[in-house]
Protein chains: 2
Amino acid sequence: MAKILRPPGRLEIILKESAALFRDKGYGATSMNDIAEAVGIRAASLYNHITSKQQLLSALLMPIAEKFTAGMAEICAADLSPISRIERLVALHVRLTVAHPGPIALITGDWVHLEEPDRSTFLGQRNTYEKHFLEIIEACIAGGAFSPIDSRVALFSMLSTLHALHSWWRKHPGDPAVLESQMVHCLVEGLRQK
Amino acid sequence: MAKILRPPGRLEIILKESAALFRDKGYGATSMNDIAEAVGIRAASLYNHITSKQQLLSALLMPIAEKFTAGMAEICAADLSPISRIERLVALHVRLTVAHPGPIALITGDWVHLEEPDRSTFLGQRNTYEKHFLEIIEACIAGGAFSPIDSRVALFSMLSTLHALHSWWRKHPGDPAVLESQMVHCLVEGLRQK
DNA sequence: CAAGCCGGCTAACGAACATTAGTTTAAAGA
DNA sequence: TCTTTAAACTAATGTTCGTTAGCCGGCTTG
């Protein structure tokens, strides 16, 4: 039984530092030297653990996309009211953001640097995710739970906030459950006092 | 009276193409060659119109920051109820986004590549802008117009949507007034049917 | 027609880039 | 103690980067 619990795992350090750098400076503006320096290593030594910068991005982005896809599938499969599905979706975003605040930041912009076939895979998952999200919103409107607003505008509004969650969490970490209820309040109930 | 209405103005073309490329690929991943190619010119020829890549970013970002600062000052100076100020702020974002959909995209992420002193100037303006925005939200809560939610969460939620507006506008251009009322509905009134 | 200049161009610079090859170090297993 | 092996290193590759220098064609203006 070779090695359980080896140090902290060099690869994971590299992934974590890469995510932070990609998030802060962007994939294109982050050099292998930057990453190596953050890890405390020479740039060439990184290649003992990874095969390319591109694969690094892929290793960060693809599992996250997968998690969102799986979460959406679970919510769609469950027997829930449309409004409950919305709440579950907010919870999904909060949970994944808290668990992976680094890689999740890349979903907004740095996916453009993915090469094929990862790029197409990622975009496909993203499209179906948003399609399902839209259908749930439309179900809320049809059922009278939501006002008869433009469903695509509502989707855009919710998603842009949920995608930016990581920046909020980094500055104000706290109880995920509290954050979740605050998000539901802002996004669904609205700010206006009733 | 030298030249009114000269062709389309080469510099403006360069600025517009740069904004689009910075927005799509990020400042660091956009090369002078990319910009030159988009303009239909060789990279070296760009320097007949600009002094550096850095100055290009600065020329795109700083005027936008200035416009937000000026807009906020105007709203603060006017004699308005807190809730009216919120509506005016949404209108300000919609108006600037529609007028400058390219450069406005850089406000979210690419400002990190600004060099001093522009970087500090930009951050200063951004901070005071958000401070004023927060005060207006708190006035809404204090006056009973808003629910007693965490004001910073409300600010984050509104700003993240307003900052992402450009991506929506690019895909679904239309009547700015309609967009504005939809935004007010999503951000203030909430999606939930009352 | 001549002068000037605006805005292209080619050529070249050093620096930084991602990546490869080959070597050394040091800890683990025999 | 000797062997193996993972993971660091140095050195070097060719490419691309932003930028400078200098040239040249073709308008505009006298």
Side-chain angles (χ1 to χ4, degrees), chain A residues 1-22 24-61 106 110 112-116 118-119, chain B residues 1-61 106 110-116 118-119:
Chain A
M1 52 181 66
K3 58 262 292 253
I4 39 174
L5 214 70
R6 45 174 166 177
R10 207 53 152 197
L11 215 186
E12 290 153 44
I13 296 181
I14 294 174
L15 286 170
K16 171 166 267 186
E17 297 295 340
S18 301
L21 285 164
F22 290 166
D24 293 341
K25 323 204 314 172
Y27 176 80
T30 301
S31 71
M32 297 304 277
N33 229 323
D34 293 334
I35 299 172
E37 209 164 280
V39 176
I41 234 179
R42 300 294 238 230
S45 306
L46 290 170
Y47 291 85
N48 286 321
H49 307 273
I50 63 167
T51 78
S52 72
K53 186 187 180 186
Q54 172 66 208
Q55 181 237 49
L56 210 39
L57 179 65
S58 188
L60 290 169
L61 268 174
L106 310 179
D110 268 336
V112 289
H113 298 109
L114 282 175
E115 288 171 3
E116 296 296 349
D118 282 334
R119 194 186 152 103
Chain B
M1 51 179 70
K3 60 269 291 266
I4 39 172
L5 215 68
R6 45 173 166 178
R10 209 54 152 190
L11 214 186
E12 290 153 42
I13 296 180
I14 294 175
L15 286 170
K16 172 166 266 184
E17 297 295 341
S18 301
L21 284 164
F22 290 165
R23 185 229 297 140
D24 293 341
K25 322 204 318 171
Y27 176 80
T30 301
S31 71
M32 297 304 279
N33 229 323
D34 294 334
I35 299 172
E37 209 164 281
V39 176
I41 236 179
R42 300 295 234 225
S45 305
L46 290 170
Y47 290 84
N48 286 324
H49 306 274
I50 62 168
T51 77
S52 72
K53 186 187 181 186
Q54 172 66 209
Q55 180 238 46
L56 209 40
L57 179 65
S58 189
L60 291 169
L61 267 174
L106 311 179
D110 268 336
W111 62 267
V112 289
H113 298 108
L114 282 175
E115 288 172 3
E116 297 296 349
D118 283 334
R119 193 186 153 102

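- Helical stems involving DNA chain D, defined as 3 or more consecutive Watson-Crick or G-U pairs under 3.5 Å, span C:3-12 with D:19-28, C:14-28 with D:3-17.
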Could you go step by step and tell me if B/Leu61 and B/Leu114 meet the side chain to side chain contact (heavy atoms under 4.5 Å, CB included) rule?
CA-CA 9 Å; B/Leu61 267 174; B/Leu114 282 175; 3.9 Å; yes
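- At the phosphate of D/dA6, neither OP1 nor OP2 sits under 4.0 Å from any side-chain N or O atom of A/His49.
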For nucleotides 14-21 of chain C, give me every protein contact, N/O to N/O, under 3.5 Å, one pair per line with atom names.
unit_1, atom_1, unit_2, atom_2, d
C/dA18, OP1, A/Thr30, O, 3.4
C/dA18, OP1, A/Met32, N, 3.2
C/dA18, OP1, A/Lys53, NZ, 3.2
C/dA18, OP2, A/Met32, N, 2.8
C/dT19, OP2, A/Tyr47, OH, 2.5
C/dT19, OP2, A/Lys53, N, 2.9
C/dT19, O5', A/Tyr47, OH, 3.2

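- Side-chain N/O atoms of B/Arg10 include one lying less than 4.0 angstrom from OP1 or OP2 on C/dG8.
- Within the structure, every pair that satisfies the side-chain hydrogen bond (donor to acceptor under 3.5 Å, both in side chains) test and touches residues 34-47 of chain B, not counting sequence neighbours, is listed here: B/Lys25-B/Asp34, B/Ser31-B/Asp34.
- One can place CG of B/Leu11 at 13 Å from C1' of C/dC6, the figure rounded to the nearest angstrom.
- Because its NZ or CZ atom is not both nearer than 6.0 Å to the ring centre of B/Phe22 and within 45° of the ring axis, B/Lys53 does not count as a cation-pi partner of that residue.
- Atom-to-atom, CD1 of B/Ile35 to C1' of C/dG8 comes out at 17 Å; the value is rounded to the nearest Å.
- Across every non-hydrogen atom of B/Gly28 and A/Ala29, the tightest pair is CA-CB, 3.7 Å.
- The main-chain N or O of B/Gln54 is never found under 3.5 Å from a side-chain atom of B/Glu115 such that the two would form a donor-acceptor pair.
- Out of C/dG8, D/dC9, D/dA8, the shortest distance to the side chain of B/Ser45 is found at C/dG8.
- A/Asn33 CG to A/Ile41 CD1: the interatomic distance, rounded to the nearest 0.5 Å, is 12.0 Å.
- Shortest non-hydrogen contact noted between B/Leu106 and B/Leu57 is CD1-CD1, 4.2 Å.
- In this structure, CD1 of A/Ile41 is placed 12 Å from C1' of D/dA6, rounded to the nearest angstrom.
- Between the CD atom of B/Glu115 and the C1' atom of D/dG18 there is a distance of 12 Å, rounded to whole Å.
- Between the CD atom of B/Gln55 and the P atom of D/dT20 there is a distance of 12 Å, given to the nearest Å.
- Contact check for A/Leu46 versus A/Leu56: no side-chain heavy atoms found under the 4.5 Å cut-off.
- Two residues are said to be in side-chain contact when any heavy atoms from C-beta on lie closer than 4.5 Å; A/Val112 and B/Asp24 fail this criterion.
- D/dA12 atom C1' lies 15 Å from atom CZ of A/Arg42, rounded to whole Å.
- For A/Asn48 against D/dA6, a side-chain-to-base donor-acceptor contact under 3.5 Å is absent.
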